[in-house]
Protein chains: 2
Amino acid sequence: MHSTIREIRKTPEGIMKAQKAFEDFIANHDFRLPREIVYTGCGSSHFLSQPLAMATTRLGGRGAALPCSELLYSREWYSIGNPELLVAISRSGETTEAIKALKALDVPRFALTAYESTLSREADYALIVPAHEESVVMTHSFPAFYFAYLQLLLHSYGKETLDAGHVSSLTDDVLKNENHVREIVEGFDFRNVIFLGSGILYPIALEAMLKMKEMALFWSEAYHTFEVRHGFKSIADEGTLVVLLVNEPFDWHEKLTKEFQGQKARVLTVGRRDTGADYFIKIPELDELASPVLYLPIIQLLAYYKAVSRGLNPDNPRFLSKVVKW
Amino acid sequence: MHSTIREIRKTPEGIMKAQKAFEDFIANHDFRLPREIVYTGCGSSHFLSQPLAMATTRLGGRGAALPCSELLYSREWYSIGNPELLVAISRSGETTEAIKALKALDVPRFALTAYESTLSREADYALIVPAHEESVVMTHSFPAFYFAYLQLLLHSYGKETLDAGHVSSLTDDVLKNENHVREIVEGFDFRNVIFLGSGILYPIALEAMLKMKEMALFWSEAYHTFEVRHGFKSIADEGTLVVLLVNEPFDWHEKLTKEFQGQKARVLTVGRRDTGADYFIKIPELDELASPVLYLPIIQLLAYYKAVSRGLNPDNPRFLSKVVKW
């Protein structure tokens with residue numbers, strides 16, 4: 001069995017490890033996250049930095065997210081305000097650019113990682129979430145990192161934290177769609193895939209696009225939901241699967257679904273309610289801030305089964321390594 | 001002859017029209033752009049809103065850019081600060097989402113468009129740049145809009161404006177690469193293309209990705225330059241063209257070029273100096289703030305000739321319309 005599928009299935013366990021990491025952190029540090037925070041990471045960690053920045057903003061702070069290399073070499077173009085903390089994210093804690101980026105601003109430094117590592121040692125604070133993975137590809141560690149940090153954010157901003165046991169069991173419910181996802185992939189040999197999401201689900205669409213590329217070496221795209229009508233949709237036809245991630249669909253989502261169906265593409269809606277799609281996967285109700293953890297296993301499974309159906313080994317994609325160094 | 005190629009070749013003329021629009025605007029309005037500005041648009045206009053936001057930030061203000069639909073339906077997730085002006089961009093001035101988005105914030109409204117239109121009439125201020133186009137696809141109007149607004153920004157912030165005649169003649173120089181671009185496309189039947197840019201050239205990479213999709217219905221990608229090593233590069237092989245847009249290359253750009261060549265992909269560097277690439281197009285020296293106008297004709301030509309080589313009509317891509325309405 002591939003490490004990747006084993007690790008996706010560990011999502012519920014990852015949430016519990018995240019909760020423990022959060023509790024250990026607050027037990028050992030008299031520290032509150034400030035209001036203005038810049039987040040940085042590379043690849044999946046950059047896509048993780050985006051919902052963290054959004055959650056910060058949504059909770060009344062001001063979050064910005066930048067890829068490490070942009071923070072290092074082009075930050076004069078980005079409006080990052082006057083941050084009080086820089087949070088760098090790296091699963092291994094050894095990514096060259098993340099270690100360099102941690103020192104890019106003259107503010108306190110915070111590491112979010114799975115290991116005691118160079119990153120954690122060079123930071124003023126480290127939240128270590130030991131959701132370890134053998135696969136090159138980041139899967140269950142993404143929701144685990146997200147959940148642990150979200151709890152710290154809620155705690156820091158004086159809000160009620162989430163019930164980890166409940167969230168963990170919801171991810172377990174979501175994982176029960178594994179066969180359904182496999183059937184969709186086996187039943188429709190799509191040639192390209194477009195992921196759509198808005199607000200906090202936009203970076204999840206980006207992460208889905210990356211998973212598909214890493215695991216299945218596949219033509220995948222991601223857009224802000226309604227942006228796709230502005231030119232991008234020209235590539236959608238009978239060989240296309242459109243994956244619509246949506247917490248609360250409204251009439252435009254139904255029109256969009258129909259529009260793609262009119263181009264002979266098939267639509268998979270992942271969310272609270274169907275939009276008239278060809279396939280539907282129901283996501284249970286949960287605070288929007290935490291909802292990314294319920295979508296991630298679905299899009300990871302989709303990429304995993306696409307890789308398998310293409311005869312590829314998702315644990316070790318060509319040209320990639322587990323830790324990216326220069 | 002296709003309208004699209006005629007319109008790309010009009011870039012130098014577009015810059016002069018932009019200059020006139022800027023001069024007319026300041027002659028008729030006692031108005032200065034404020035420091036905190038939110039920009040919005042859809043598709044190409046969204047990719048145009050990004051370098052405008054970056055230029056605002058770079059010049060000492062604070063610019064944010066959001067697609068119209070995100071501003072309308074998900075803005076609670078985005079940190080837009082306390083803007084003093086909302087700038088909505090639409091070539092036709094009739095895009096449903098742009099007209100709706102113009103009213104999304106309770107601040108003065110500014111329209112950037114090619115026509116007297118619903119958008120211009122509903123705004124408090126309108127900069128109308130008459131770079132009209134018959135093609136469904138936006139080409140020379142992009143650099144024209146960018147240049148006119150950049151001049152207004154420089155003027156508003158008390159900086160020296162650019163010499164329009166000089167910039168126009170530089171775009172003319174750049175257009176002399178048309179045959180070179182055609183030869184590259186005809187000589188290498190690439191299966192997918194990855195555009196890379198950093199800072200103000202990142203949104204230009206995004207726009208390149210969109211042009212390729214619209215005109216050539218083609219697998220195209222865009223990333224922050226060094227982000228591509230973090231997973232995305234798995235899809236690059238002997239069928240891939242990597243287009244590296246770079247004003248000032250340094251050693252990492254050369255290493256990146258070699259890395260892709262090691263995967264048997266071919267690299268086209270567009271910039272001031274070659275990075276050891278398979279193909280090179282030299283961009284003349286110009287203030288970085290204005291440099292997007294020199295890159296745009298190249299990436300538009302690339303998409304145009306790819307479309308032609310695939311036997312497609314870039315003036316009227318399938319499934320697309322000139323003005324996107326709901």
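Convention: sequence-line order gives letters A, B, ...; per-chain numbering from 1. Scope of the values below: all heavy atoms of this structure, side chains included, with no hydrogens, waters or symmetry mates.
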Roughly how far apart are [X] [atom1] and [Y] [atom2], rounded to 0.5 Å?
X         : Y        : atom1 : atom2 : value
His230(B) : Ser69(A) : NE2   : OG    : 6.5 Å
Phe226(B) : Leu72(A) : CZ    : CG    : 10.0 Å
Leu59(B)  : Glu76(A) : CG    : CD    : 12.0 Å

Below 4.5 Å from any heavy atom of chain B, which atoms of [X] appear? Answer side chain, backbone, both or neither.
X         : value
Ala236(A) : backbone
Thr95(A)  : side chain
Tyr223(A) : side chain
Met209(A) : side chain
Lys322(A) : neither

[X] versus [Y], closest heavy-atom pair with distance:
X         : Y         : answer
Gly63(B)  : Ser79(A)  : O-CB, 3.7 Å
Glu214(B) : Ser234(A) : CA-OG, 3.9 Å
Trp77(A)  : Leu289(B) : CZ3-CD2, 3.7 Å
Ser198(A) : Glu70(B)  : OG-OE2, 2.6 Å
Glu221(A) : Lys213(B) : OE1-NZ, 2.6 Å
Glu227(A) : Gly43(B)  : OE1-N, 3.0 Å

Option that, when pairs with chain A are counted at under 4.5 Å, heavy atom only, ranks first among [options]:
options                                  : value
Cys68(B), Ser45(B), Cys42(B)             : Cys42(B)
Phe250(B), Tyr73(B), Tyr202(B)           : Tyr73(B)
Arg229(B), Glu97(B), Lys211(B), Arg75(B) : Arg229(B)
Leu210(B), Val137(B), Leu217(B)          : Leu210(B)
Gly199(B), Ser74(B), Ala55(B)            : Gly199(B)

Could you walk me through whether Lys233(A) and Leu320(B) pass the side chain to side chain contact (heavy atoms under 4.5 Å, CB included) test, one step at a time?
-> CA-CA 8 Å; Lys233(A) 73 180 176 121; Leu320(B) 301 185; 4.0 Å; yes
When the 4.5 angstrom heavy-atom criterion is applied to Phe260(B) and chain A, the contacting part is neither
Relative to each other, are the rings of Tyr78(A) and His224(B) parallel, tilted or perpendicular (30° and 60° limits)? tilted
key: Aromatic plane relationship, Trp326(B) with Trp252(A) - under 30° parallel, 30 to 60° tilted, over 60° perpendicular   = parallel
One option among Gly81(A), Pro317(A), Ala53(A) has the most heavy-atom pairs under 4.5 Å with chain B, and it is Gly81(A)
With chain B, the option among Lys255(A), His46(A), Met54(A), Met138(A) that has the most non-hydrogen atom pairs under 4.5 Å is Met54(A)
Apply side chain to side chain contact (heavy atoms under 4.5 Å, CB included) to residues Ile235(A) and Phe218(B) and explain how you reach the verdict. CA-CA 7 Å; Ile235(A) 55 139; Phe218(B) 198 65; over 6 Å; no
